[in-house]
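Below you'll find the structure, written out as structure tokens, and then a few comments.
Side chains are part of it too, since the values below use all heavy atoms of this structure and drop only hydrogens, waters and symmetry mates. As the structure is a computational prediction, the values presented were derived from the model and not from experiment. Each ligand, and each atom within it, is numbered from 1 in the order the structure gives.
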Amino acid sequence: MKKKELGQLLGRMTVAEKVGQLLQLAPMFYKGTITKGEITGPMAEMGITAEISERAGSVLGSATAIEMIAIQEAYLETNRLGIPLIFMADVVHGYKTIFPIPLAIGATWDVEAAEKMAAVSAKEATAAGLQVTFSPMVDLVRDPRWGRVMESTGEDPHLNSEFAASFVRGYQGDPELLSENYEKMAACVKHFAAYGAAEAGREYNTVDMSTRELYQNYLPAYVAALEAGSKLVMTAFNVVDGVPATGNEWLMRDVLRDELGFDGVLISDWGAVKEIINHGTAADSAEAAEQALRAGVDIEMMTTCYLENLEGMIADGTADVALVDEAVMRILELKNDVGLFEDPYRGLKGKQDRQTDILSAEHRDSAREIAADAMVLLKNVDGLLPLAVDTKIALVGPLAKTQDVLGAWSWLGDKEDAISVHDGMAKQFTQVDVAGAADTENVTEAEIAEMVRVAKDADVIVLALGESADRSGEANSIATIRLPETQYAMIEAIRAVGKPVVTVLFNGRPLDLHGLIEASDALVEAWFPGTEAGNAVADILAGRVNPNGKLPMSFPYTTGQIPVYYNHLNTGRPVDAADAQEHYVSQYIDIPNQPLFDFGFGLSYTTFAYTDLKISSDIITKSDTLTISVTVTNTGEVAGKEVVALYLQDLVGKVSRPRKELKRFSKIDLAPGEARVVTFCLTEEDLRYYKPNLDFTSDPGDFKLFIGADLEATFCLV
Ligand code: GLC
């Protein structure tokens with residue numbers, strides 16, 4: 001439909017119909033529904049009548065094509081102007097084929113992998129009748145106590161930005177062709193803004209930072225997603241500078257729409273409009289509605305402040321109907337952009353051919369490859385890994401047999417489709433005895449005794465342990481980043497057997513690995529690998545895949561060290577290795593300043609050498625491009641992928657600058673003995689940073705460049 005026609009359609013709508021378009025409901029409220037939908041927030045009594053649901057504009061959390069068709073058919077029978085519903089859901093790391101959690105995808109340092117994950121997700125989700133995904137979540141996170149860290153790609157603004165754009169590209173393809181490419185869907189970047197900075201990692205907690213910090217570290221990934229064309233933005237639950245994001249005119253009008261140029265649909269998070277009342281900046285739902293409308297929130301998800309108040313407020317002049325028209329127009333444009341006015345079923349009605357896309361062997365293969373590439377080898381004493389396929393293995397622990405390996409936000413994935421570690425290893429190793437445990441939170445003495453019995457007969461013990469999937473994700477913050485306590489007795493008992501121990505860790509967040517790292521001869525960070533978990537683990541342990549993941553987030557030494565992140569400031573009293581005796585420096589007296597494992601850390605089964613460092617000049621001006629190149633050689637016996645990263649240090653700025661900032665990275669695949677020249681280009685723009693007055697400019701001065709695999713193993717160019 002042409003924009004002019006949309007304007008004419010808007011002109012035919014009553015105020016009641018306009019206000020209805022601003023409401024988003026779960027499937028349960030619609031005729032034809034098959035499921036309740038995905039309930040991801042509080043469910044208050046909403047007073048939704050059939051008349052209201054016949055006016056509502058969108059659905060969140062529908063599950064299948066059959067359900068979408070049934071709801072859409074029933075809806076269009078009664079909707080006076082034939083304006084179709086648009087169906088949205090959280091397809092965050094897969095629809096039915098579940099990929100590794102986004103934090104694991106961040107560990108791949110492979111933006112093509114992220115784009116592939118999103119493209120497969122969109123292919124399956126659109127076959128299931130969805131047209132919008134509430135993804136990517138690009139909140140920067142420095143606190144692993146926060147459960148939704150699993151949904152992020154970690155602590156770095158540049159890495160997050162690269163992934164944000166690649167997720168959007170994978171979901172949407174060419175945004176201009178969304179109306180005809182039914183295998184693509186609209187992306188919704190979230191949560192605007194800075195939700196990942198919840199104080200103390202406590203879910204939904206206060207966020208408070210300088211505006212300069214917001215711009216410097218927390219906004220870049222949203223900007224990258226918008227520049228990639230994300231069609232929607234979702235508001236954050238938290239305040240920004242004391243004002244709830246969902247009612248924050250400065251954040252949503254001045255920054256998001258005016259400064260960043262976003263003219264798409266802004267949707268509230270679940271209940272976030274009404275929660276403005278809880279924040280204490282609205283006395284009632286009318287004030288909450290007014291603040292959200294002024295802020296430019298177009299869709300109210302699962303609360304009815306708009307529905308209850310806007311008609312009356314327009315009638316008595318306390319709400320400007322032009323703001324409602326603006327919101328409705330953006331919603332109509334979104335529906336038009338995904339082709340719903342041409343085909344409200346996007347090619348699915350009366351056809352089942354697309355269903356074969358779902359959980360196809362090809363999709364499983366993609367998930368398996370990305371899951372293996374996301375795994376990070378944290379320890380491998382004496383090259384214990386990889387294991388020969390005829391090694392006599394005792395596979396023990398609470399994650400040995402379970403299919404609870406999909407991770408949070410995998411709501412339409414079925415655990416029954418998942419490959420357990422045991423299933424995967426039994427296919428690649430000839431002698432695997434297994435002794436599992438029923439519950440990660442409560443490993444019993446009897447289960448430990450059986451694990452020890454099996455372990456005593458083995459050459460190598462593979463200990464599969466970690467968190468359950470519901471120990472991270474939304475509303476699952478923890479105060480102490482350790483394993484469930486009952487697992488430590490198991491670790492001790494297994495260590496006491498005296499055989500080599502390979503630990504495979506399943507977790508949705510960085511953890512304090514003390515008590516585990518010492519008991520492991522090798523440790524593989526597996527995260528939550530998704531549907532193909534067991535095959536990916538076996539691929540790594542058997543050496544079919546050479547581990548190549550790098551941590552996208554620091555692993556704290558202990559909870560008390562949080563927040564700990566690599567791009568920290570120097571402080572006025574940095575610890576100076578040359579003067580280790582100086583007491584009055586920025587340090588703890590009981591633990592080191594360094595995290596247990598640094599951002600960017602990850603081992604390999606091979607080794608790489610960096611030589612022939614070259615830089616095109618040691619001075620650049622505004623018009624120059626600086627070229628930095630290095631030769632990377634695989635000096636080992638097996639092929640391997642290597643992440644080559646370029647970090648920058650601005651030695652003197654108008655504000656204190658981080659000791660290192662990631663500026664570029666590239667992942668290369670090298671055969672044994674193969675060498676590759678990796679080249680990066682920097683310009684003056686890469687030297688810019690935010691000043692206290694928010695000018696984004698560079699200063700003349702000296703800089704250090706570091707190039708290498710991780711923070712320590714880097715060459716330094718002054
Ligand atoms: C949840 C989450 C948000 C999700 C939405 C819909 O509360 O905060 O990320 O997209 O509700 O499920």
Side-chain angles (χ1 to χ4, degrees), residues 23-29 35-44 46 56-63 86-95 101-103 118 121 125 128 130-141 146-153 164 167-168 171 185-198 201-205 207 221-222 225 230-240 244-246 265-276 278-279 297-303 407-413 470 472-477 508:
L23 174 62
Q24 178 170 93
L25 297 171
M28 69 177 84
F29 294 103
T35 66
K36 282 179 65 172
E38 176 202 18
I39 305 305
T40 61
M43 281 297 290
M46 295 175 68
S58 57
V59 183
L60 89 144
S62 61
I86 187 166
F87 291 76
M88 310 185 184
D90 297 279
V91 181
V92 176
H93 51 111
Y95 167 75
I101 56 174
L103 188 60
S121 302
L130 292 168
Q131 295 119 29
V132 176
T133 178
F134 296 135
S135 179
M137 182 274 218
V138 302
D139 303 323
L140 184 135
V141 190
W146 191 50
R148 301 192 75 162
V149 60
M150 53 67 59
E151 205 178 337
S152 78
T153 49
F167 286 130
V168 171
Y171 289 128
M185 65 197 315
C188 176
V189 61
K190 66 187 186 182
H191 307 78
F192 200 75
Y195 179 16
R202 198 181 83 217
E203 182 62 285
Y204 313 124
N205 202 5
V207 166
Y222 305 113
S230 181
K231 287 286 183 181
L232 295 90
V233 173
M234 184 182 291
T235 70
F237 289 121
N238 49 278
V239 296
V240 173
T246 306
V265 168
L266 178 62
I267 184 169
S268 81
D269 201 340
W270 185 298
V273 172
K274 192 162 189 177
E275 287 170 11
I276 295 174
N278 294 342
H279 280 291
V297 174
D298 301 315
I299 296 178
E300 179 178 6
M301 183 193 292
M302 284 301 286
T303 47
W409 287 113
S410 57
W411 66 288
L412 270 158
D470 58 14
S472 57
E474 184 172 358
N476 291 321
S477 292

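- We find the CG-OG distance between Leu412 and Ser62 to be 8.5 Å, quoted to the nearest 0.5 Å.
- Ring geometry for His191 versus Phe237: interplanar angle under 30°, hence parallel rather than tilted (30 to 60°).
- Side-chain contact between Pro102 and Val92 is present, with at least one heavy-atom pair separated by less than 4.5 Å.
- Considering only heavy atoms from C-beta on, Met234 comes within 4.5 Å of Met301 through its side chain.
- With contacts defined as side-chain heavy-atom distances shorter than 4.5 Å, the pair Met185/Phe87 does not qualify.
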Within the protein, flag every N or O under 3.5 Å from an N or O of ligand 1, and note the pair and distance.
residue, atom, partner, partner atom, Å
ligand 1, 7 (O), Thr40, O, 3.2
ligand 1, 7 (O), Asp269, OD1, 3.4
ligand 1, 7 (O), Glu474, OE1, 3.0
ligand 1, 7 (O), Glu474, OE2, 3.0
ligand 1, 8 (O), Arg148, NH1, 2.7
ligand 1, 8 (O), Asp269, OD1, 3.2
ligand 1, 8 (O), Asp269, OD2, 2.6
ligand 1, 8 (O), Glu474, OE1, 3.4
ligand 1, 9 (O), Arg148, NH2, 2.7
ligand 1, 9 (O), Lys190, NZ, 2.8
ligand 1, 9 (O), His191, NE2, 2.7
ligand 1, 10 (O), Asp90, OD1, 2.5
ligand 1, 10 (O), Lys190, NZ, 3.0
ligand 1, 11 (O), Thr40, OG1, 3.0
ligand 1, 11 (O), Asp269, OD1, 3.1
ligand 1, 12 (O), Thr40, OG1, 2.7
ligand 1, 12 (O), Asp90, OD2, 2.5

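- Glu151 pairs by the side-chain hydrogen bond (donor to acceptor under 3.5 Å, both in side chains) definition with Arg148, Trp409, not counting sequence neighbours.
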